[in-house]
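As structure tokens, the structure follows; a few thoughts come after it.
In each ligand, atom 1 is the first atom listed, and ligand 1 is the first ligand listed.
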Amino acid sequence: MRTFSVTTTEEPFYVPTEPTQDTRSGIKLLAVPSVDAVAKLAAEALLQACLETPRRPLGLATGRTMAPVYAALATLVQERPPEEQAILRQHWCSFNLDEYVGLGPQSPGSFASEMRQLLCHPLGIHPDRVHLPDGLAADPAKEAHRYGEAMALAGGVGLQLLGLGLNGHVGFNEPPCGPDSRTRCVDLCASTRQANRSAFGDDPGRVPSRAITVGLANILQADRILLVVTGAAKAPVLRRLMHSPPCENLPASWLHRHPSVRLLADAMALDPPDSDGLSF
Ligand code: GLP
């Protein structure tokens, strides 16, 4: 194993991970000191992807990790010339990773309401351009299929933004999960409902038990992936990710097989106060 200290660097540095020595993981880690610095870099990557031509849909994520990212994006966009802002609004096309079954845009705690609050309102983007699975669909399995087709019809995702669940999920691809999983309806783990309770009055029992998620196979089809991990609570799962060979018990570990994954992590996730320097 090798150890590294957390530094601010312009250039991402390659982190060799034991299990992938032979296969050369596509994950490149950029370690930055603070959540604000992570958010700014992630927002810059998103804005750059939005302005690229030919335009490709963005893949977006929700969760506490992403709130500062969208706030930083709003600030960046407001600094751009008005004509550029207009182009951005006019051509915006994004697909979120997941939504709870049973919740719609008007439901507190839904990812649709979160996206309206964090992205649509501050950036002036019409909600029709910010796609999410319809959690209120009468047939969630059919809706999952429709959503997967809609993503493909839109040309597939260029840049995919990802958070990391405490149990190693990406989107709502709960363990165990293989790399061939498609966009589908899933049951949520008790630990995930516990982790996401803050949006539901701190009561895990009120967190929906099912969700529609973009599958790992679809996530791995994105041209580029930006994985954002912040906070000391994520340190154990991040460490597992960097050491684990691709395996079903840690769904995020399939990202090692993608050729272009940038991991943006803050000092707390890489070197939490109670560790004496994590050994990577
Ligand atoms: C949630 C979502 C993911 C998110 C992840 C991390 O449950 N399904 O899309 O990226 O788990 O969430 P957080 O940033 O709140 O820790």
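Inspection of the N218 and T183 side chains reveals an N or O donor paired with an N or O acceptor under 3.5 Å.
Between F172 and F111, the two ring planes are parallel [angle under 30°; tilted spans 30° to 60°].
For the residue pair E174 and D187, the shortest heavy atom distance occurs at CG-O, 3.9 Å.
Contact shell of ligand 1 (protein heavy atoms, cutoff 4.0 Å): T62, G63, R64, T65, D98, G163, L164, H169, G171, F172, N196, K234.
Salt-bridge formation is not detected for the pair E149/R146: no Lys NZ or Arg NE/NH1/NH2 atom is positioned less than 4.0 Å from an Asp or Glu carboxylate oxygen. Comment: R197 engages D202 in a salt bridge, judged by a side-chain N to carboxylate O separation of less than 4.0 angstrom.
Looking at R80, E52, E84 one by one, the single match for side chain to side chain contact (heavy atoms under 4.5 Å, CB included) with L47 turns out to be R80.
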